[in-house]
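Working notes for the structure below.
Here the structure is a predicted model, which is why all the values come from computation and not from measurement. Every chain is numbered from 1 and lettered A, B, ... according to where its sequence line falls, protein lines coming before strand lines.
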Amino acid sequence: MARTNDDVAAMLEEYADLLAITGGPDFKIRVYQKAARSIGAHVTDIAGYDTTELRQIPNVGESIARKVAGYLRSGTVPQLEELRGRIPAGVRALTRIPALGPKRAMALHQRLGVDSPESLEAAIHAGALHGLPGFGEKTEENLLHGIALLRDAGERVHLGVAMPLAEDIVTALRAVEGCHRCGYAGSLRRMKDTIGDIDIVATSNRPKVLMSAFVALSQVTEVILHGDTKTSVRTGQGLQVDLRVVPPDAWGAAMQYFTGAKAHNIRTREIAVHRKLKLSEYGLFDAVTDELIVSKTEEEVYQRLGLPWIPPTLREDIGEIEAALAGELPDLVTEEDVRGDLHTHTELTDGHASLEEMVAAAAERGYAYYGVTDHGPKLYMQQMTLDKALAQRERVRELDGTSGLRLLHGVELNIDPDGDVDWPPDVLAGFDVCVASVHSHFDLPQDRTTRRLVRAAEHPCVNIIGHPSARLIGRRPPIDADWDEVFQACARSGTALEINAFPDRLDLAAELIRRARRYGVKFAVDSDSHAVGHLANLRYGIGTAQRGWLTADDVINTWPLDRLTAFLRKKQAAGVSRP
DNA sequence: GCCGTTTTCGGCCCGACTGTTTTCAGTCG
């Protein structure tokens, strides 16, 4: 079930879209978009807020507060209903066609009665657009292409798809003659869990050479636009890749410009304007004389705006500007802080490598400790038994300490629909670490799912709730729980929440991490590796932890071993009663 | 419609590319 805030944000976005289609003033459209973002990013649920409370939220003033309060009460907003009455829903859908915006969507609707992508396609084939001002032959062609693209929707891809592709392209471009620097920016650098397109920034004094090399890459199947400083292509899997080339001295300004979410960039450019400056991808300039002030590094750009450097993973305009101004940016956890992995598998259950191979790979990564957590017996297809687990424990103890790596023998338990787990407490007490996860029954009603997770968290032997929402990005929605209640149970019982680093999970998601953190919950960033190559996925989990504003102190597997083991044992020692 | 170390009124981010234009509007990121 969508949270109230997301529901209200969607309502305000629709209002902004309909304003744009009806030709409303730009500043008004922007304000509704800004209010939608602020409410979407607001950490507490606004259900039950009155207008006074609503107005405390940035970009929510008298008028929007009144609309939202009315919406919370009655589920409707008269002004929105009025616009909906004038603009069929399909006209808003038209603006999702690439290269067709609100202005021309409205023109098509008014002049031809077009009210959906399907009716636009029919109108083009019928020749109805001939003679319509602003719609030439080439435009018709582009619109048909856009409709086709929309139809077999190039879905957003997860980090595990986008990152390797971006790294390949960056590597190829760095080898091109005249390329000074090259890197990826955009949502990929912000480590967003899904990526709509890839932004690449390069510096060179000979941009044309780079552009030619770019469009000639083997991954490229279509050139969308091809200019001297900006070129966009589409890859075989339908992903758009943009390359921007700027002069070598503009590297910092360009990376700043192309990394931030749009909202973050608007904020930084507004700050520039207030200081009589102008910020673009070429640098920070004096607004009056147009004289260049800084451009070489991101640090310089932020510094001249009166801000500390803001880590890419925070650049969403969800409070990082305010935190930066107040000197309260979190000291984010990094991959270097991580001392071990606490959720991994071997071929004893569904892993693809032996215990020895996994341990060697973990040692290679320089970990201080490493948890082996094969599945418990309740996941029947894995055929786990207590004897097998105990035999594995003996082997783990033999390997412990070799290559300087302390091994923890653990288990990934299955949380059943009632919140119970595989083995009785006396068996579980023998494990060094217990992860417990949901693997089935994903669509229970909210109250049952909440109780299920709360009971698992309160179990005296469960240390970590694995992939807590059980989502699979693009394939399975998160389970529906009252997360605030779950987070409180975790904080109360000393149970950590996992940030599962598998790129199609990234679970918990950043928004829920930010909410959980407010209750004082601790986290474990784990790879859930089923093969040696998966250990490196941890970086995606760290990116997600950063997007959740976590510091190393929030993440138990950055702690020294003695602090970690104290945390893992504390529950049982405290004798938390079995629910 | 919102906001304020420039302001309670008067502002509101910036630049590239395309297509249809003869200098610019629309769209995008």
Open item on the list: At 4.0 Å (heavy atoms only), tell me whether A:K276 reaches a base, stays on the sugar-phosphate, or touches nothing.
Closed with: nothing
Open item on the list: By the 4.0 Å heavy-atom rule, please label A:R267 as base, sugar-phosphate, or nothing.
Closed with: nothing
N/O contacts under 3.5 Å, protein versus nucleotides 26-29 of chain B?
from   : atom 1 : to     : atom 2 : distance (Å)
B:dT27 : OP1    : A:G101 : N      : 2.8
B:dT27 : OP1    : A:G101 : O      : 3.1
B:dT27 : OP1    : A:R104 : N      : 3.1
B:dT27 : OP2    : A:K103 : N      : 3.2
B:dT27 : O5'    : A:G101 : N      : 3.3
B:dC28 : OP1    : A:A99  : N      : 2.8
B:dG29 : N2     : A:Y257 : OH     : 3.3

TODO: Return the value, rounded to whole Å, for the distance between atom NZ of A:K138 and atom C1' of B:dG19.
DONE: 9 Å
- [ ] Return no unless some side-chain N or O of A:K34 is found under 4.0 Å from OP1 or OP2 of B:dC3.
- [x] no
Task: Sugar-phosphate only, base, or nothing, as touched by A:L225 at under 4.0 Å among non-hydrogen atoms - done: sugar-phosphate
Open item on the list: Using a heavy-atom cut-off of 4.0 Å across all strands, would you classify A:H226 as base, sugar-phosphate, or nothing?
Closed with: sugar-phosphate
- [ ] Select base, sugar-phosphate, or nothing to describe what A:P133 touches, counting heavy atoms under 4.0 Å on all strands.
- [x] nothing
TODO: Take atom CZ of A:F135 and atom P of B:dT20, then tell me their distance rounded to the nearest Å.
DONE: 10 Å
Task: Backbone N/O of A:T259 and side chain of A:R190: donor-acceptor pair under 3.5 Å - done: yes
Task: Aromatic ring pairing A:H42/A:Y49, orientation class (parallel under 30°, perpendicular over 60°, tilted between) - done: perpendicular
- [ ] Write down the distance separating the C1' atoms in B:dT20 and B:dG26, rounded off to the nearest Å.
- [x] 11 Å
Open item on the list: Please report the distance, rounded to the nearest Å, between CG in A:L132 and C1' in B:dT20.
Closed with: 13 Å
Task: Main-chain N/O of A:S469 paired to A:D507 side chain as donor or acceptor, under 3.5 Å - done: yes
Open item on the list: Would you say A:E137 and A:H130 are linked by a side-chain donor-acceptor pair, where the criterion is simply a distance under 3.5 Å?
Closed with: no
TODO: Return the residues of residues 297-313 of chain A meeting this criterion: a heavy atom under 4.0 Å from some atom of DNA chain B. Order them by number, or give none.
DONE: none
Open item on the list: Looking at B:dC12, which nucleotide sits across from it as a Watson-Crick or G-U wobble partner, both distances under 3.5 angstrom, or is there none?
Closed with: B:dG1
Open item on the list: From CD1 of A:I29 over to C1' of B:dC2, roughly how many Å is that when rounded to an integer?
Closed with: 15 Å
Open item on the list: Rounded to whole Å, please give me the gap between CD1 in A:I266 and C1' in B:dC14.
Closed with: 10 Å
Open item on the list: Please tell me whether A:Q256 and A:Y302 have a donor and an acceptor in their side chains that are separated by less than 3.5 angstrom.
Closed with: yes
TODO: Verify the contact: side-chain N or O of A:T229 to OP1 or OP2 of B:dC17, cut-off strictly under 4.0 Å; return yes or no.
DONE: yes
Open item on the list: Measuring only the P atom in each nucleotide, how far is B:dT23 from B:dC28? A whole number of Å is fine.
Closed with: 25 Å
TODO: Report yes if a side-chain nitrogen or oxygen of A:S63 is closer than 4.0 Å to either non-bridging phosphate oxygen (OP1 or OP2) of B:dG1; otherwise report no.
DONE: yes
- [ ] Name the nucleic acid region contacted by A:N142, choosing base, sugar-phosphate or nothing; use a 4.0 angstrom heavy-atom cut-off, strictly under.
- [x] sugar-phosphate
Open item on the list: Counting the atoms with a prime plus P, OP1 and OP2 as sugar-phosphate, which does A:E137 contact under 4.0 Å by heavy atoms, base, sugar-phosphate, or nothing?
Closed with: sugar-phosphate
Task: Pairwise P distance, B:dG15 and B:dT8 [rounded to whole Å] - done: 29 Å
Task: Between C1' of B:dT5 and CD of A:E270, the distance in whole Å - done: 16 Å
TODO: For B:dC12 versus B:dT6, give the span between their P atoms, rounded off to a whole number of Å.
DONE: 14 Å
- [ ] Find the distance A:D228:CG to B:dG15:P and express it as a whole number of Å.
- [x] 18 Å
Open item on the list: Please check this pair: side chain of A:T235 against backbone of A:Q219, looking for a donor-acceptor N/O pair closer than 3.5 Å.
Closed with: no
Task: Test log, rule side chain to side chain donor-acceptor pair (under 3.5 Å), inputs A:D242 and A:Q240 - done: CA-CA 7 Å; A:D242 298 339; A:Q240 182 172 330; 3.0 Å; yes
Open item on the list: Working note: A:R84 + A:E14, criterion salt bridge (Lys or Arg N to Asp or Glu O under 4.0 Å); need CA distance, chi angles, decisive distance, verdict.
Closed with: CA-CA 9 Å; A:R84 281 175 174 169; A:E14 182 184 354; 2.8 Å; yes
Open item on the list: Is a donor from one side chain sitting under 3.5 angstrom from an acceptor on the other, for A:T551 and A:D331?
Closed with: no
Task: A:I271 CD1 to B:dG4 P, straight-line distance once rounded to whole Å - done: 12 Å
